[in-house]
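Have a look at the structure below before the remarks.
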Amino acid sequence: MPAITLPDGSERQFDAPVTGTTVAEAIGPGLARAALAMKLDGKTVDLATLIDHDANIVFITRRDPEALELIRHDAAHVLAEAVQALYPGTQVTIGPSIENGFYYDFARNEPFTPDDFAAIEAKMREIIAKGAKFERRVIDRDEAIGFFQAKGEKYKAQLIQDLPTTETITLYSQGDWIDLCRGPHMRSTADVGNAFRLMKVAGAYWRGDHRNAMLSRIYGTAWRDQKELDAYLHQLEEAERRDHRKIGKEMDLFHIQEEAVGSIFWHPKGWKLYRTVEAYLRRRLDAAGYQEVKTPQLVDRSLWEKSGHWENYREHMFIAQVVDEDKFLALKPMNCPCHVQIFRHGLRSYRELPMRMAEFGSCHRYEPSGALHGIMRVRAFTQDDAHIFCTEDQIATETARFVDLLSTVYRDFGFPDFRIKFADRPEPRIGSDAAWDHAEAALREACAIAGVEYELNPGEGAFYGPKLEFVLRDAIGRDWQCGTLQVDPNLPERLDAEYVGEDGARHRPIMLHRAIFGSFERFIGILIEQYAGRFPLWLAPVQVVVATIVSDADDYAGEVAAAFARAGLAVNTDLTNQKINAKVREHSVALVPVLAVVGRKEAETRTVALRRLGSQGQEILPLEEAVARLASEATPPDLISGNVA
RNA sequence: GCCGGCGUAGCUCAGGGGUAGAGCAACUGAUUCGUAAUCAGUAGGUCCACAGUUCAAUUCUGUGCGCCGGCACCA
């Protein structure tokens with residue numbers, strides 16, 4: 001007879017198998033009212049699950065964060081019922097809970113529009129108000145297939161058909177509405193509550209495969225209470241204000257126009273930011289033992305054929321042709337084959353390894369139109385690329401050195417936290433399985449030695465080798481791969497790179513492809529969102545504006561600006577005939593970090609009044625001290641003495 | 001590339017079958033002012049492009065291009 005152990009360690013005996021509901025009632029009416037589901041020996045299950053063995057139980061109530069996933073999953077079911085009630089003939093497919101909410105994919109001839117949301121939400125609230133119980137039923141596989149086929153739910157039937165035959169098939173009903181579902185669910189639709197909102201419609205391929213039919217997806221967000229929902233919506237609004245496309249326009253950093261889709265026109269301020277970022281990274285690479293090179297933009301097709309890119313990516317390459325010549329040149333989509341050419345130029349010795357060859361390489365790729373996104377995903381971009389030619393024995397050390405370099409770079413730009421994914425062999429790929437086994441094992445081992453923790457990203461490696469992906473998140477929570485480290489045994493083979501070893505024989509080097517930013521464009525986009533345009537002084541494209549209060553101070557303002565400029569600061573002057581309030585506002589809105597205000601007083605005493613962006617007060621300092629202080633503050637983090645990078 | 005939405009002044013947006021409006025910015029003039037908007041005036045538009053319907057299209061329809069949100073893709 002089951003003995004139930006609760007989180008406080010207490011134990012309760014029952015003479016017969018019991019459901020979670022019964023246990024909760026036995027403990028008290030408060031818990032019975034609050035319990036939504038339970039963790040049975042660590043696994044979340046319905047309260048109605050029958051417990052016939054000694055077990056540990058933790059009840060999940062609305063207070064627990066775990067309730068969110070249940071609420072969202074149940075909300076997806078409610079959404080599906082509402083949609084089928086309103087739009088007969090619509091087929092249901094899948095509807096999981098996701099971060100912040102849920103979605104459901106429907107098959108319907110006519111797509112949904114946001115105009116439908118009001119009606120759907122109203123219907124959902126009706127269903128929730130009815131509070132129909134979720135009831136679980138195990139069903140025979142063939143019976144289940146027949147059941148859904150009879151209803152005209154061919155997607156559901158397909159799902160069951162594709163489940164392993166060992167899988168237990170369960171249906172969940174809420175009143176008359178029935179869905180194929182693994183569960184678990186809460187007690188009834190009432191438990192969903194009213195803190196939800198439908199957010200957007202989208203197309204999505206059946207089973208995520210572009211060869212399949214496109215379904216209509218409805219996204220929603222759901223929370224435990226109205227306060228949480230409001231907070232989330234507010235946070236979303238705030239995030240939208242940080243959008244790099246918006247800030248790029250407001251701060252006059254860059255623009256993109258129809259004649260050069262996917263390419264960036266960098267304006268003076270944006271390019272200043274770019275150059276600051278570039279100069280920083282160049283110093284870091286120099287210090288880390290990289291040798292910088294520059295390779296051609298247009299390269300004959302034959303090299304891409306050898307490297308395998310022509311075969312794999314031909315339709316994503318920009319091709320150039322010359323009238324009188326019967327040959328194709330490709331705008332390089334990446335730098336690797338070019339770097340191998342430099343490596344191959346002359347006979348290499350093992351003594352030269354590891355050779356770290358870096359290039360800020362301009363690359364062009366014909367990205368699908370739907371993939372373009374501001375400056376984060378473009379067709380013309382500059383990789384902070386490098387290839388490390390090394391021996392197998394050197395992979396671990398080089399991986400550790402790289403992760404260390406990347407971490408400190410990310411830290412300096414204000415990203416102390418980032419995610420690492422390990423992407424293994426994809427389909428299709430080049431190279432033997434044995435070579436892949438080897439490369440994956442080497443990278444895994446390198447991670448172990450370097451103390452790198454990662455999540456798996458199966459099947460997402462490059463076609464020539466496994467990779468580590470270093471992922472940063474944008475303002476509204478989208479993940480972007482920035483850094484990468486790829487172990488490549490194939491390209492050296494294909495392009496015939498070799499070195500003379502200690503034994504006097506010729507050997508293939510391993511190539512490590514690696515990038516920290518990924519592309520300058522993407523990294524700067526994320527950087528803009530990270531700081532919402534309020535850059536730390538060393539990154540700000542305009543660091544100081546000297547603003548006058550009266551025209552009598554114009555000459556002195558010129559002197560002040562010159563002094564800041566001599567100290568290497570990016571300074572502008574504002575001598576316009578406007579009130580100081582207007583000037584403060586204007587430059588605050590422009591997100592200038594420091595305003596140096598000078599009036600008669602300052603001119604007479606040779607001081608400046610410094611006002612920091614976002615602060616109310618000012619600090620009056622002698623000119624020399626202000627210059628010294630700001631110059632020091634504007635020092636890039638890698639140049640601050642005592643700061644070991 | 002696919003599904004949906006959108007495209008009006010430099011920017012943010014309103015409007016609507018009879019060839020257009022606001023605020024901010026710009027420009028001109030006045031104002032010399034002490035830390036988030038001084039006042040007045042002026043100028044500014046192929047209403048994304050092309051085709052169709054119509055006496056008349058920026059408005060309706062279609063196609064194309066671009067942008068936005070997803071999906072797919074991301075060497």
So does [X] get a side-chain nitrogen or oxygen closer than 4.0 Å to the phosphate oxygens (OP1/OP2) of [N]?
X	N	result
A:Ser369	B:rG1	yes
A:Arg245	B:rC68	yes
A:Arg478	B:rG70	yes

Are A:His316 and A:Tyr366 close enough that their ring centers fall under 6.0 Å?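 Here the rings of A:Tyr366 and A:His316 have centres that are no less than 6.0 Å from each other.
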Would you say the rings of A:His309 and A:Phe463 are close, in the sense that their centroids are separated by under 6.0 Å?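 They qualify: ring centres under 6.0 Å apart.
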Pick the nucleotide of RNA chain B nearest each of A:Met214 and A:Leu372; which residue has the one closer to the 5' end?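 Checking each residue's closest nucleotide, the 5'-ward one belongs to A:Met214.
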Taking the six-membered ring of A:Tyr87, is the NZ or CZ of A:Arg108 close enough (under 6.0 Å from the centre) and on axis enough (within 45°)?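 So A:Arg108 does make the cation-pi contact.
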Counting N and O atoms only, with roles assigned by atom type, does the side chain of A:Glu359 sit under 3.5 Å from a partner on the main chain of A:Asp384, one being a donor and the other an acceptor?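 Checking the backbone N and O of A:Asp384 against the side chain of A:Glu359, no donor-acceptor pair under 3.5 Å is found.
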Between A:Tyr313 and B:rA75, do the rings stack, that is, sit under 5.5 Å apart with planes less than 30° off each other?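 Aromatic stack with B:rA75 present for A:Tyr313.
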Students often get this wrong, so: under 4.0 angstrom with heavy atoms, is A:His316 touching a base, only sugar-phosphate, or nothing?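 Result for A:His316 = base.
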At 4.0 Å (heavy atoms only), tell me whether A:Ala204 reaches a base, stays on the sugar-phosphate, or touches nothing.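 Sugar-phosphate, backbone atoms only, no base.
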Looking at the side chain of [X], which of [options] is the nearest nucleotide?
X	options	value
A:Glu602	B:rG34, B:rG1, B:rU32	B:rG34
A:Ser551	B:rU12, B:rU32, B:rC33	B:rU32
A:Leu613	B:rG1, B:rA36, B:rA75	B:rA36
A:Val261	B:rC74, B:rG70, B:rG66	B:rG66

Quantified in whole Å, what is the C1' atom distance between nucleotide B:rC47 and nucleotide B:rG7?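 B:rC47 and B:rG7 have their C1' atoms separated by 10 Å.
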